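Some notes on the structure that comes next.
Model, not experiment: these values are computed from the prediction. Index from 1, following the sequence.
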Amino acid sequence: MNTTTTYTISQLARHFDVTPRTVRFYEDKGLLSPRRVDNRRIYRQRDFVRLKLILRGRRIGFSLAELKQTLELYDTKSGEAAQIEYVLTTIAKHRDELQRRQRDIAATLKDMRGIEARIRASHA
């Protein structure tokens, strides 16, 4: 990985197909930490990788707090191993919640079909 590569906010936003406002939002939340040169933000390769992980995590349902914990674990002494364990545990938690919601939706749809059938039968 080239650690000397830098990016402007526009370059990062364009690369990840997000708005500069999105990049600034993650910076405001402490998930990205660009250098400042005059009034410009200079993002390093580390920020590039972190933004990639943030966006991937958001797609699979991670909260900002979970993302922050994931990124902070990577910076600790136990590093990648702790991060992997946390991510796997968090994914399992989200998967379980989605499966529970899927069952709830299936039950609700079944109830709706039953109500609909009774209404149609009583008004036929």
Side-chain angles (χ1 to χ4, degrees):
M1 171 178 2
N2 184 355
T3 57
T4 60
T5 302
T6 60
Y7 307 89
T8 65
I9 194 168
S10 298
Q11 289 170 322
L12 271 185
R14 194 170 31 257
H15 180 83
F16 290 106
D17 196 26
V18 297
T19 65
R21 182 177 173 164
T22 298
V23 178
R24 285 190 299 274
F25 173 79
Y26 292 127
E27 180 185 341
D28 291 343
K29 297 300 180 185
L31 300 173
L32 300 174
S33 53
R35 283 189 348 238
R36 297 284 184 151
V37 176
D38 297 322
N39 254 355
R40 296 181 334 130
R41 292 168 168 87
I42 305 297
Y43 296 89
R44 297 162 294 194
Q45 187 65 29
R46 179 178 189 266
D47 297 305
F48 181 93
V49 172
R50 288 171 75 95
L51 183 56
K52 183 177 181 178
L53 292 172
I54 291 164
L55 296 173
R56 184 178 295 156
R58 293 300 284 166
R59 275 194 306 276
I60 62 172
F62 278 39
S63 68
L64 290 175
E66 290 166 336
L67 288 168
K68 189 168 189 147
Q69 178 69 24
T70 300
L71 295 172
E72 286 173 355
L73 280 170
Y74 189 75
D75 293 335
T76 65
K77 190 174 184 176
S78 56
E80 189 175 2
Q83 183 187 41
I84 288 170
E85 185 59 36
Y86 179 78
V87 168
L88 290 174
T89 300
T90 305
I91 286 172
K93 181 181 83 173
H94 283 277
R95 184 184 55 245
D96 291 347
E97 175 61 20
L98 286 171
Q99 288 171 336
R100 184 194 62 74
R101 287 174 34 201
Q102 185 178 37
R103 288 188 302 271
D104 290 349
I105 290 169
T108 300
L109 289 171
K110 181 180 177 184
D111 290 345
M112 291 172 87
R113 284 190 293 273
I115 292 167
E116 183 180 34
R118 284 192 299 277
I119 291 171
R120 289 186 189 284
S122 69
H123 287 73

With the side chain counted from C-beta on, respond yes when Ser10 and Arg14 share a heavy-atom pair under 4.5 Å apart, and no when they do not. yes
Does the plane of the ring in His94 sit parallel, tilted or perpendicular to the ring in Phe62? Use 30° and 60° as the thresholds. parallel
Value rounded to 0.5 Å, distance of CG in Leu32 from CG in Leu12: 7.5 Å
Evaluation steps, side-chain contact (heavy atoms from CB on, under 4.5 Å), between Ser33 and Arg50: CA-CA 10 Å; Ser33 53; Arg50 288 171 75 95; 5.7 Å; no
If you measure from the Lys or Arg side-chain nitrogens to the Asp or Glu carboxylate oxygens, is any gap between Lys93 and Glu97 under 4.0 Å? no
List the steps, then state whether side-chain contact (heavy atoms from CB on, under 4.5 Å) holds for Phe25 with Leu64. CA-CA 11 Å; Phe25 173 79; Leu64 290 175; 3.6 Å; yes
Are there more than 12 heavy atoms of other residues, nucleotides or ligands under 6.0 Å from atom CZ of Arg40? no
Would Glu116 and Met112 count as a side-chain contact (heavy atoms from CB on, under 4.5 Å) if you check the C-alpha gap in whole Å, the side-chain angles of each, and the deciding distance to 0.1 Å? CA-CA 6 Å; Glu116 183 180 34; Met112 291 172 87; over 6 Å; no
Could you tell me which non-hydrogen atom of Ile9 sits nearest to which non-hydrogen atom of Pro20, and how far apart they are? CD1-O, 3.5 Å
Are there over 12 heavy-atom neighbours, none belonging to Asp111, within less than 6.0 Å of that residue's CG? yes
Nearest heavy-atom contact between Leu53 and Leu67 is O-CD2, 4.1 Å
Kindly work out whether a path of hydrophobic side-chain contacts (I/L/V/M/F/W/Y, heavy atoms less than 4.5 Å apart) joins Ile115 to Leu109. no
Whether the Glu27 and Tyr43 side chains hold a donor-acceptor pair (N or O, under 3.5 Å, no angle test) is what I'd like checked. yes
Hey, what do you get for CD1 (Ile60) to CD1 (Ile91), rounding to the nearest 0.5 Å? 4.0 Å
side-chain contact (heavy atoms from CB on, under 4.5 Å) between Gln83 and Tyr86, worked out: CA-CA 5 Å; Gln83 183 187 41; Tyr86 179 78; 5.8 Å; no
Centres of the His15 and Tyr7 rings: under 6.0 Å? no
Assess whether a salt bridge exists between Arg44 and Asp47, defined as any Lys/Arg side-chain N lying under 4.0 Å from an Asp/Glu carboxylate O. yes
One should read off an interatomic distance between Thr6 OG1 and Gln11 CD, to the nearest 0.5 angstrom, of 7.0 Å
Hey, could you give me the OG1/CD distance between Thr90 and Glu85, rounded to the nearest 0.5 Å? 9.5 Å
Would you mind checking if Asp104 and Arg100 are paired as a salt bridge, meaning a charged N to carboxylate O distance below 4.0 Å? yes
Hydrophobic cluster membership, with links at side-chain heavy-atom distances under 4.5 Å among I/L/V/M/F/W/Y: are Ile42 and Phe48 in one? no
How long is the straight-line distance from CZ of Arg103 back to CG of Leu98, given to the nearest 0.5 Å? 10.5 Å
Side chain proximity check, Val87 to Glu66, heavy atoms < 4.5 angstrom: no
When rounded to the nearest 0.5 angstrom, what is the spacing between CZ in Arg24 and OG1 in Thr22? 9.0 Å
With hydrophobic residues grouped by side-chain heavy-atom distances under 4.5 Å, do Ile84 and Leu73 end up in a single group? no
